[in-house]
Structure formats: structure tokens, C-alpha cells
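Working notes, structure below.
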Amino acid sequence: MNNEFRDAVYQIVAAIPAGRVSSYGAVARQAGFPRHARFVGRLMSQLPSDSRLPWHRVLRGDGRIALAGTPAGERQIQRLLDEQVAVTGGKVPNRFFVTWND
């Protein structure tokens, strides 16, 4: 992962509005690095716990919380619920996904 990719991902994630979500793959595409969804996930997992970046708004393309059932996944679900994002069975409905102009 290079700095250009990291900085682009951080900018895109920061632009996801409260109450909306995006997928790892969509963020990677928006950053200009299609097929790098796993690297987006890695970047999100490496953020410090006090990061202000809304990492919790990035999930799997099928709407599932990648770490559901773990403390991090439970924290992500709670943060999404706090923003009025519906989460049922560890999954967010499509209507909450940001539509990017790819």
C-alpha cells in the first residue's frame, strides 16, 4: 500500500455522510484502485482507536459487518445504530449505501 492509496481512501471514507455506508470495494474503486478492497479493510483495521475517521461506515459489498460477533464488530454495529443505520442480523440494507458516481 502506498501513501497515494492510503490518502485517497482516507479522503473517501471521511466523505461518507453520517447515516450512510459504503463497501470496501466501492471505496477502493473511488480511490482509483479497483480490486484493492482487502487493502481498504486493512487500512480501516489499522486505524488507532481514537481515530476520527468514520471507519464504521465501511462494510462488505453484501452489506454484512465483516467482524460481526467480535468486539470490533459490535462496536461498529453500535456506531451505525447510533447514526440511525438499520442493522439486522449483522447486515445493513442496500438503501443505506452511498451511490458513488463511478
Side-chain angles (χ1 to χ4, degrees):
M1 289 182 285
N2 62 35
N3 290 339
E4 177 187 354
F5 175 71
R6 183 198 64 218
D7 293 346
V9 166
Y10 287 172
Q11 255 187 325
I12 292 158
V13 171
I16 302 170
R20 302 299 297 276
V21 299
S22 188
S23 69
Y24 299 110
V27 170
R29 281 191 304 279
Q30 285 300 114
F33 294 85
R35 301 178 54 98
H36 282 72
R38 288 178 189 238
F39 292 109
V40 172
R42 184 175 298 157
L43 282 172
M44 296 300 98
S45 73
Q46 293 174 346
L47 287 169
S49 59
D50 62 348
S51 174
R52 300 194 69 175
L53 198 68
W55 60 269
H56 61 283
R57 297 179 189 148
V58 185
L59 14 128
R60 290 176 30 167
D62 64 0
R64 294 199 180 281
I65 305 296
L67 298 174
T70 68
E74 295 306 312
R75 192 165 59 250
Q76 183 175 17
I77 290 169
Q78 187 57 57
R79 290 181 79 175
L80 290 169
L81 292 172
D82 290 347
E83 292 183 1
Q84 311 307 310
V85 174
V87 182
T88 305
K91 186 174 180 180
V92 173
N94 288 342
R95 71 179 183 271
F96 289 98
F97 277 77
V98 170
T99 302
W100 300 106
N101 296 326
D102 310 293

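- By the 4.5 Å heavy-atom criterion applied to side chains, F5 and L43 are counted as neighbours.
- Residue V21 forms a side-chain contact (heavy atoms from CB on, under 4.5 Å) with just one option from V87, L80, N94, V98, and that option is L80.
- A 6.0 Å sphere centred on CD of E4 holds no more than 12 heavy atoms belonging to other residues, nucleotides or ligands.
- Looking at heavy atoms from C-beta onward, L67 lies out of side-chain contact with R75 at the 4.5 angstrom threshold.
- Of the possible polar contacts, one joining the R57 side chain to the I16 backbone as a donor-acceptor pair under 3.5 Å is found.
- The hydrophobic clustering, which links ILVMFWY residues whose side-chain heavy atoms are closer than 4.5 Å, places W55 and V92 apart.
- Counting only heavy atoms from C-beta outward, the side chains of L59 and Q76 approach each other to under 4.5 Å.
- Transitive grouping of hydrophobic side chains (ILVMFWY, heavy atoms separated by less than 4.5 Å) keeps M44 and F97 in distinct clusters.
- Looking at D82 and Q78, their side chains come closer than 4.5 Å, going by heavy atoms from C-beta outward.
- Tracing side-chain contacts under 4.5 Å through hydrophobic residues (I, L, V, M, F, W, Y), one reaches F33 starting from V9; they form part of the same cluster.
- Taking both residues in full, the closest heavy atoms of I12 and A31 are given as CD1-N, 3.2 Å, listed atom of the first, atom of the second, then distance.
- Here the straight-line distance linking atom CZ of R38 with atom OG of S45 works out to 12.5 Å at 0.5 Å rounding.
- From F96, atom CZ reaches atom CD of Q84 across 9.0 Å, with rounding to the nearest 0.5 Å.
- Counting only heavy atoms from C-beta outward, the side chains of E74 and I65 never approach each other to under 4.5 Å.
- Listed by first and then second residue, the side-chain hydrogen bond (donor to acceptor under 3.5 Å, both in side chains) pairs involving residues 7-28 are S22-W100 (not counting sequence neighbours).
- In terms of heavy atoms, A37 sits closest to A28 at N-CB, 3.8 Å.
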